[in-house]
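Below: one structure, written as structure tokens.
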Amino acid sequence: MKRVILLVALLVIALAMVGAQSAAAAVPTITSFAPASGPPAWSVTLTGTGFTGATAVMFAPTDSDYAPQTALFTAQDDTTIVASVPFFD
């Protein structure tokens with residue numbers, strides 16, 4: 001099993017929002033995440049704003065041979081998401 005290393009500069013997280021959004025709706029913003037590295041299935045806590053209604057979280061591995069993968073996640077509230085590092089094949 002390859003260890004996936006997540007670096008702040010190389011981590012890609014896509015948050016898709018559902019439902020009608022007003023012009024004043026907050027744009028999802030990630031201010032921090034921890035841990036900075038870990039193997040598949042590890043939990044990563046994302047902190048930021050505008051997470052309510054998130055429908056997807058994606059991770060891009062630091063190894064460019066792999067495509068970004070969708071992660072399982074739970075939006076705990078508008079400021080916190082806990083996501084599992086996906087397996088990259």
Side-chain angles (χ1 to χ4, degrees):
M1 175 177 8
K2 291 188 177 189
R3 182 174 176 86
V4 176
I5 299 174
L6 308 173
L7 301 175
V8 174
L10 299 175
L11 177 67
V12 174
I13 299 171
L15 298 171
M17 306 305 289
V18 295
Q21 298 289 321
S22 71
V27 173
T29 303
I30 297 167
T31 57
S32 66
F33 63 91
S37 67
W42 270 30
S43 291
V44 175
T45 300
L46 311 172
T47 304
T49 60
F51 295 162
T52 299
T55 60
V57 174
M58 297 184 75
F59 286 87
T62 56
D63 182 337
S64 62
D65 292 339
Y66 296 102
Q69 298 289 322
T70 302
L72 296 175
F73 76 97
T74 301
Q76 295 183 338
D77 53 39
D78 192 55
T79 62
T80 306
I81 288 178
V82 177
S84 295
V85 176
F87 287 86
F88 294 91
D89 294 324

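Just so you know, residue 1 is the first one in the sequence shown, and it goes up from there. Since this is a predicted model, take the numbers as computed values, not measurements.
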Looking only at non-hydrogen atoms, find the nearest pair between [X] and [Y] and report the distance.
X     : Y     : result
Ala54 : Ile81 : CB-CD1, 4.2 Å
Gly50 : Pro28 : O-CG, 3.6 Å
Ala71 : Ala83 : CB-CB, 4.3 Å

Task: Side chain Thr29, main chain Gly48, donor-acceptor under 3.5 Å - done: no
Open item on the list: Any side-chain to backbone donor/acceptor pair from Thr79 onto Asp77? Under 3.5 Å, distance only.
Closed with: no
Task: Thr80 and Thr45, any side-chain heavy atoms less than 4.5 Å apart - done: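 Side-chain contact under 4.5 Å: yes.
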Open item on the list: Would you say that Phe73 contacts Val44 through its side chain, given a criterion of any heavy-atom pair below 4.5 Å between the two side chains?
Closed with: no
Task: Hydrophobic cluster identity match, Val85 and Val82, side-chain contacts under 4.5 Å - done: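 Result: no, two separate clusters.
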- [ ] Answer with yes or no whether the hydrophobic clustering places Leu72 together with Phe33; edges join I, L, V, M, F, W, Y residues whose side-chain heavy atoms lie under 4.5 Å apart.
- [x]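 Looking at the clustering, Phe33 is in a separate group from Leu72.
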Task: Of Phe87, Phe59, Phe88, the residue whose pairing with Gln69 passes side chain to side chain contact (heavy atoms under 4.5 Å, CB included) - done: Phe88
